Every structure is written in C-alpha cells, then in structure tokens.
Amino acid sequence: QVQLVESGGGLAEAGRSLRLFCKAQQRAFTGSGLGWFRQPPGKEREFVAAIDWSGGSTYYADSMKGRFTISRENTKNTVYLQMNSLKPEDTAVYYCAVAGGPRYYTTERSYDYWGQGPQVTVSS
C-alpha cells in the first residue's frame, strides 16, 4: 500500500491563498502523473488539476484556470496545489492522487493511490 501524506488545508477568507502539499513514497511517485481532486459538501468528487511525470505538462478544470497552479518537485516526491483568489465555492475536501501512467489524467479511474483529503474552507 502506497501512502500519500497531505497537508496545508485549513480556513481562508475569500480572495486569499492556500497551498496544499502531498508527499508520496518514491516508488509510486517516480515516473507517474499526479492529480488533485476535490469533493464539495453534498457533491461528488471532481477533477481539479493534473501534471505529467516530468512536470512539463499540466491540465486544469475550467473553473480553476488562472487561479490554481499544480507543480511537483520530484527530488522531494512532493506535489503542490497553489490556490489563489479563493472563493467560497472552493470549499471542499481536497485529494491528491498518483496515476498508473506517466501523463496527466482527468478521470478518477486513471489514479491508483489517493491521499486522505485535507479540508479547505473558504469564508465569504
């Protein structure tokens, strides 16, 4: 079982920023695409952003473009999600995930390992 450890969630006011961190075991991290998903209260889990194995290619859900940035630091087995200009509708449990392949993927079935999901709450 591969463990992913997430941190950085919490409470923020609208318009402010938060940064999420997710560290994985090297054997799962190396050569794998990575993604962030979120589950708002009372809703299904949805795609947020993804990055390929090298960090050279990224993809975002439309509502996150220009506000969120996904990045990875392969030497630290860590993926980040920088969230700027937060909105109350960004309130959700956020999950990082490690894909079974090297590209970026937008569907949950492409991911093999999941983090525990820190809560992000944005107040208006």
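Nothing here was measured: the structure is a model prediction, and the numbers come from that model.
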Does Glu6 offer a backbone N or O that forms a donor-acceptor pair with the side chain of Gln116 under 3.5 Å?
-> yes

Calculate, to the nearest 0.5 Å, the distance between atoms OG1 and CZ belonging to Thr91 and Arg38 respectively.
-> 9.0 Å

Spell out, yes or no, whether Val79 and Met64 are grouped together once hydrophobic residues are joined by side-chain heavy atoms under 4.5 Å, including indirect joins.
-> yes

Has Arg45 got its NZ or CZ under 6.0 Å from the middle of the six-membered ring of Trp114, at an angle within 45 degrees of the ring axis?
-> yes

Least distance between heavy atoms, Ala14 atom then Pro88 atom | CB-CD, 4.1 Å

Any donor-acceptor pair under 3.5 Å from Thr58 side chain to Ile51 backbone = no

Taking it one step at a time, do Leu18 and Val120 satisfy side-chain contact (heavy atoms from CB on, under 4.5 Å)?
-> CA-CA 9 Å; Leu18 283 174; Val120 171; 3.8 Å; yes

Within one Ile-Leu-Val-Met-Phe-Trp-Tyr cluster: Leu20 and Leu86, side-chain cutoff 4.5 Å = yes

State yes or no: are the ring centers of Phe37 and Tyr111 separated by less than 6.0 Å?
-> yes

Answer with yes or no whether the hydrophobic clustering places Phe29 together with Leu81; edges join I, L, V, M, F, W, Y residues whose side-chain heavy atoms lie under 4.5 Å apart.
-> yes

Are side-chain heavy atoms of Thr106 and Tyr59 found at a separation under 4.5 Å?
-> yes

Shortest non-hydrogen contact between Val98 and Ala24, atoms and distance = CG2-CB, 4.4 Å

Quick one: pull up NZ in Lys87 and OG in Ser63 and give me the separation to the nearest 0.5 Å.
-> 7.5 Å

If you draw a 6.0 Å radius around NZ in Lys65, do more than 12 non-hydrogen atoms from other residues or ligands fall strictly inside?
-> yes

Spell out, as yes or no, whether a donor-acceptor pair under 3.5 Å connects the side chain of Ser110 to the backbone of Glu108.
-> no

Share the residues that join Leu11 in a hydrophobic cluster, the rule being Ile, Leu, Val, Met, Phe, Trp or Tyr side chains under 4.5 Å apart at the heavy-atom level.
-> none

Are Phe47 and Tyr105 grouped together when hydrophobic residues (ILVMFWY) are joined by side-chain heavy atoms under 4.5 angstrom apart?
-> yes

To the nearest 0.5 Å, what is the distance between CG (Asn84) and OG1 (Thr69)?
-> 6.5 Å

Note: Leu34 and Ile70 closest approach over all heavy atoms is O-CD1, 4.1 Å

Over 12 foreign heavy atoms within 6.0 Å of CD, Glu89 | yes

List the atom of Cys96, the atom of Leu4, and the distance in Å for their closest heavy-atom pair.
-> SG-CD2, 3.4 Å

Hey, is CZ on Arg103 packed in by over 12 heavy atoms from elsewhere, all under 6.0 Å?
-> no

Residues, nucleotides or ligands: over 12 heavy atoms within 6.0 Å of Arg16 CZ | no

If you round to the nearest 0.5 Å, how far is CZ of Arg67 from OG of Ser85?
-> 7.0 Å

Are any side-chain N or O atoms of Gln25 and backbone N or O atoms of Gln3, one a donor and one an acceptor, separated by less than 3.5 Å?
-> yes

To the nearest 0.5 Å, tell me how far Ser32 OG sits from Arg72 CZ.
-> 7.0 Å

Any sub-3.5 Å donor-acceptor pair from Asp52's side-chain atoms to Tyr104's backbone N or O?
-> no

If you measure from CD on Glu13 to OG on Ser123, what distance do you get to the nearest 0.5 Å?
-> 5.0 Å

Do Gln82 and Ser71 have side chains that get closer than 4.5 Å, going by heavy atoms?
-> no

Okay, side chain of Gln39, backbone of Lys43: is any donor-acceptor separation there less than 3.5 Å?
-> yes

May I have all residue pairs that pass ring-ring contact (aromatic ring centres under 6.0 Å, His included) and include part of residues 72-96, sequence neighbours excluded?
-> Phe21-Tyr80

